[in-house]
Every structure is written in structure tokens, then in C-alpha cells.
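So that the names make sense, note that chain A is the first sequence line, chain B the second, and so on, each numbered from 1. Computed from a prediction, not measured in an experiment: that's the story for all the values here. Atoms considered below: every heavy atom in the structure, side chains included; atoms not considered: hydrogens, waters and symmetry mates.
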Amino acid sequence: MPFPPVAEQLAVIRRGVEKIVPETELAAKLTKSRETNTPLRIKYGIDPTGIDVHLGHTVPLRKIRQFQELGHQAVIIIGNYTALVGDPSGRDHARSKRLTADEVEANAVDYLNQVGKVIDLSKAEVHRNGDWFGPMSFAEILQLCGKVTVAQLLTRDDFAKRFAAETPIFLHECLYPVMQAWDSVVIKSDIELGGTEQLYSFMLARDLQTAQKLSPQIGVMSPILVGLDGVRRMGKSLGNYIGISEPPFEMMKKFMQVPDAVMRMYFELLTDLPLSEIDALLAGHPKTAKTTLARAVIGQYHSAAEAEAAATRWQQEVGEGGLPTDIPTVKLSRSKLTDGKVGAARLLVETGLTPSTSDARRAIAQGGAYFGESKTRIETHDQLISVEAGLLLFVGKKKFCRLELTDNSQ
RNA sequence: GGGGGAAUUCCAGAGUGGCCAAAUGGGCCAGACUGUAAAUCUGGUGGCUCAGCCUUCGCAGGUUCGAAUCCUGCUUCCCCCA
């Protein structure tokens, strides 16, 4: 199985990558791999802490797939033991609940299911780092700890910051980067993928590998994908993500909300469109570029036809202000009506479109509530609405429902 | 072990006896404008039978005509010294 020329491989690898350290060694590794016809071992590790895989996660995953397509060996590490520590890099430091072994395993399976949409799992090695950390004796752990100094640990950015800020750093947290680095030794990685925040661990892995007389790995670091707000990293807790398991239309709506400024990043990191084509798109009307982006990405997780349908539907329902196609039905008892009518504010509450009467009044007062096929604006909170089966109600742009009348008194 | 500080409405953060449903900023919601992008402008952001009323300022009591504000106890968090 011949590998593509090194220059060609480098072009693929470099796309959308923020940093390669050390950059100079990469070509050498690729050359040697090609000469000896040996695939490089591409490591990627994750903690199975219950992940809804979103586009942010797909950035390094897509890079793995690219390596796979170049003929290299993907090695996925499920950090079932590192998960016991919890990533010290901050975001999740308050994670209080300890996952049980069963939960971790269930998460791992679920996770693999999801990443299978991006990488070719049939050609990837999957390891759990508990396989080698579990059987370690305390003596062996001490030996491992003897390879890293505290000063070394303190060069890690988040430890340094926490130390300076005098916030607690627990001893077991110090082991996190050490464990991650040791994974690289065990699986003999040539390249490790991850975000830029992984720099420290990647470098530590190089030290440990060198100490074990192994060829040190190269870190290929992706930039952090920003979320829908265009500022903060894409993440579940921030609610600014697009999940890869979401239905096409949901993804479409989210894509169209993305600020223009992040389109280039999304194109580069999330699609395979040639850079020249991306430039051309971005030079044109932003809306065209955005729909193209959305279709390209959605098509990776759903069929091209579904992506196309989602785009068309978006244009009709949102772009042109048409009626939504899937309007949820809400049951309303006739007993709530008087002479077939009911006050507007009451109606909005009964249908669950607004959580409280006060909220309903606000929505109406601000002109954000409408009813009927033609979206007639509701003028006052005590306006009586004639209710018939199938009546449409809207609050703002995102909340709407169709009424169904029932006879029971509930 | 000793000492000190803090807990306010989604978040941050004002407020130290009545003018407080509680400043300001962020977020979010609605409207205008648009490409449902950004920017901008306007209004809103506890509940209700809504020009009024009711329930909120860690928890439980107390003082007072009146408490987010004062007192007592409790809980939680943080810091400093050792």
C-alpha cells in the first residue's frame, strides 16, 4: 500500500491545523514511514465522561480520518482511568460525581458509536487505558511518578495559574498529564492529535517516550472551534453547539445563526472543500456561503438529499417566513372556552407557549404573539380569541403550536 | 488548631432600616432593521383574578409601625495564620 508523496500528505495534514510541534520532525517521520512502508500511529484520546459529540469534537476526529485516508493507523484511547481523575484544565473541575466503571464503559460504547460517523472504526485500534493502568502496582506507580518533576508539572499552564491564584491543585490531578503521556509510551504513538490546550501533555509524552528509547511523538493541534456565538469554544454546557446526531433541519437552523466571521474557520475545519473554493464562496454573498457550508457539513452526518431538503425547508419556512411544517399539536379542553372563546393571555398559558400569565402578557404587549394562518397579531391580553380545532398560535419566531380540542374536562 | 470574610432575583454585582420586585453590566426574550449573521435602536426579563395585590435577597427564629439591610442560632463557601 503505497503512501502518497510527503508533500501531498503535508498539505492534507496542515489544513486547519493551528500548530505542529515540532514541525520539523513531521516531514522526517512521513518520509521514513513512506520509505519503510510503515503507517504512522496516530493517537487520539478521550475521556468517556458522557459526551454528546458535537462539531467541536469532530475537528480532531476529521483529522484522524484524513490520516486514515493517507494510509496511517488510527489509535483511539478511551481514558477510562484518566476519567477517574477528571481533566484538570478547568472547565469541568467541579465535576463532583464519580462515574462507575459500568457508566464509563457505557459512555465509551456510546462514544465509539458516534465517532464511527467520522472515522473508520473498522481500521482503527481502540484501547482503554485502564488496561495498562489497572494492573499497575503501587511500586510501578511510584516509578512512573519518578519520571516527572513538580517543576515540570508547574510549567503546565493551568497548574501554574492555579498555583499562582492559590486555588487547590490535588495530587491526583497532577497525575492526569502523566497518565496521558504514558498512554503515548504504551501505544508507541508517532503523532498525537488534540486541541492546542494539549501542548503540555504532548510534550511530556515526548519526554517519556525519549526516556523509553522510543521515537518521540509529534503533536498536531487543532484550533478550538468556536460555538454558535462566535466567541466561546463550542461546548455542551454553553449551549452553543451543533451535535452530529441532531436532525438535519435542526442543524440547518443552527448553522444559519452562526456569525459570518466564523465561516472561514468552519469551512476549513469541518468540510473538505478546497481552500480556493472557500475563498470564492466567502467573496460572494454570505448567505450563499452559509447555506453551502451548512449543506456540506450536514451531508456528512445525513444524506446529501436530506441536507438539501433541510436547506430548502429553511429557505421556505425561515427565509421566506412561511409556516413551519412540523407544528406540534397541543390539546385544549373545550371546558376552557366560553362560547368558543378564551382570553388571549389565558390561551397562551394553557397551550404552554408561555410559562406564566405574566409572560404571556409581556409577549402580547410587545407584539410578539400571533394567531391563525395569517399570523394576526394579538393586540391585548384580554382579547377574546375564537378557538377552533387546528388554530395556529405563535409566540415570537420559535414557539408555535396547533390546537386540538378535546371534550374531557382535563 | 486560631483568626477573618462572604452568602442578593439566570450569571456577575450594587444595595447596610422605609423612595426595593431590588441599581448597573452580561445573558436571554420580544419588536424594528436585515441575509432569522453582525452592528444598531426600542421595550422586557418573580407571580397573580395586573393602574392593585402576593411571594422573594443561604436556612430558622427575633427586634421594629416597617428588615435584603439590625440581633441570635444554624448551614455552606472562601481567605489568612499555624
Side-chain angles (χ1 to χ4, degrees), chain A residues 55 90-91 93-96 162-170 225-242 249-267 270 278 281-295 297 310-327 336 338 342-371 375-384 393-401:
Chain A
L55 293 180
R91 310 184 288 290
H93 54 75
R95 175 170 294 134
S96 49
R162 284 161 66 182
F163 190 71
E166 299 181 326
T167 52
I169 302 171
F170 291 94
L225 192 76
V226 298
L228 301 178
D229 53 17
V231 180
R232 296 172 300 177
R233 72 183 291 146
M234 184 175 281
K236 190 176 189 176
S237 56
L238 295 173
N240 61 354
Y241 70 100
I242 303 178
F249 187 58
E250 293 307 308
M251 295 175 91
M252 189 72 207
K253 283 193 284 193
K254 289 187 177 180
F255 265 112
M256 296 311 281
Q257 284 177 26
V258 162
D260 292 356
V262 305
M263 282 202 282
R264 177 174 293 279
M265 181 189 221
Y266 276 31
F267 266 120
L270 303 176
I278 295 173
L281 277 165
L282 291 177
H285 195 294
K287 192 184 174 188
T288 314
K290 211 173 277 181
T291 32
T292 308
L293 168 68
R295 280 202 308 264
V297 178
T312 310
R313 187 176 154 198
W314 185 88
Q315 181 53 32
Q316 287 168 356
E317 294 182 17
V318 182
E320 290 158 23
L323 292 176
T325 43
D326 53 350
I327 302 175
K336 307 282 186 193
T338 310
V342 67
R346 178 91 190 281
L347 185 58
L348 296 184
V349 176
E350 289 293 342
T351 53
L353 288 183
T354 56
S356 67
T357 314
S358 302
D359 209 54
R361 282 168 176 255
R362 278 194 286 272
I364 293 166
Q366 298 185 129
Y370 320 83
F371 70 100
K375 297 189 76 167
T376 311
R377 181 167 280 177
I378 298 174
E379 301 295 340
T380 62
H381 67 87
D382 50 5
Q383 177 178 344
L384 290 175
L393 288 169
F394 306 83
V395 172
K397 297 188 181 90
K398 290 165 192 156
K399 286 177 287 190
F400 44 81
C401 71

| How would you label the contact of A:Arg377 with the nucleic acid (heavy atoms, under 4.0 Å): base, sugar-phosphate, or nothing? |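 Sugar-phosphate: the residue A:Arg377, judged by heavy atoms under 4.0 Å, touches backbone atoms but no base.
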
What nucleotide among [options] has an atom nearest to a side-chain atom of [X]?
X        : options             : value
A:Lys397 : B:C29, B:G31, B:C50 : B:G31
A:Ser356 : B:C50, B:A30, B:G47 : B:G47
A:Gln366 : B:G31, B:C29, B:G44 : B:G44

* Is A:Lys254 close enough and on-axis enough to A:Phe249, meaning under 6.0 Å and within 45°, for cation-pi? ->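 Output no; distance or angle outside limits.
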
Can you see if the side chain of A:Tyr370 gets near the phosphate of B:A30 - specifically, an N or O under 4.0 Å from OP1 or OP2?
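For A:Tyr370, the contact criterion (side-chain N or O under 4.0 Å from OP1 or OP2 of B:A30) is not met.
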
Is there a side-chain polar atom (N or O) of A:Lys399 under 4.0 Å from OP1 or OP2 of B:A30?
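Checking B:A30 against A:Lys399, no side-chain N or O comes under 4.0 Å of OP1 or OP2.
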
Strand partner of [N], provided both Watson-Crick or wobble distances fall under 3.5 Å:
N     : result
B:U49 : none
B:G1  : B:C81
B:A38 : none
B:A7  : B:U75
B:U63 : none

On RNA chain B, compare the nucleotides closest to A:Gly367 and A:Arg362; which residue's is nearer the 5' end?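 The residue mapped nearer the 5' terminus is A:Gly367.
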
Which sits closer to the 5' end of RNA chain B, A:Thr357 or A:Met263, going by the nucleotide each is nearest to?
->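 With A:Thr357 and A:Met263 compared, the 5'-side residue is A:Met263.
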
Whether A:Phe400 and A:Phe394 hold their rings parallel, tilted or perpendicular, with breakpoints at 30° and 60°: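 Rings of A:Phe400 and A:Phe394: tilted, 30 to 60°.
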
To the nearest angstrom, how far is A:Asp359 atom CG from B:C29 atom C1'?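 Taking CG of A:Asp359 and C1' of B:C29, I get 8 Å after rounding.
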
### Message
What is the distance, to the nearest angstrom, from the NZ atom on A:Lys398 to the C1' atom on B:C28?
### Response
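Taking NZ of A:Lys398 and C1' of B:C28, I get 10 Å after rounding.
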
| said: Can you tell whether the side chains of A:Glu350 and A:Arg346 come within less than 4.0 Å, N to carboxylate O? | reply: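 Salt bridge: yes.
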
query = A:Ala289 and A:Leu281: which non-hydrogen atoms are nearest, and at how many Å?
reply =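 Nearest heavy atoms, A:Ala289 then A:Leu281: CB-O, 3.6 Å.
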
Interface polar pairs with nucleotides 37-40 of chain B, N/O, under 3.5 angstrom:
from, atom 1, to, atom 2, distance (Å)
B:A37, O4', A:Lys290, NZ, 3.4
B:A37, O2', A:Val258, O, 3.4
B:A37, O2', A:Pro259, N, 3.4
B:A37, N3, A:Asp260, OD2, 3.1

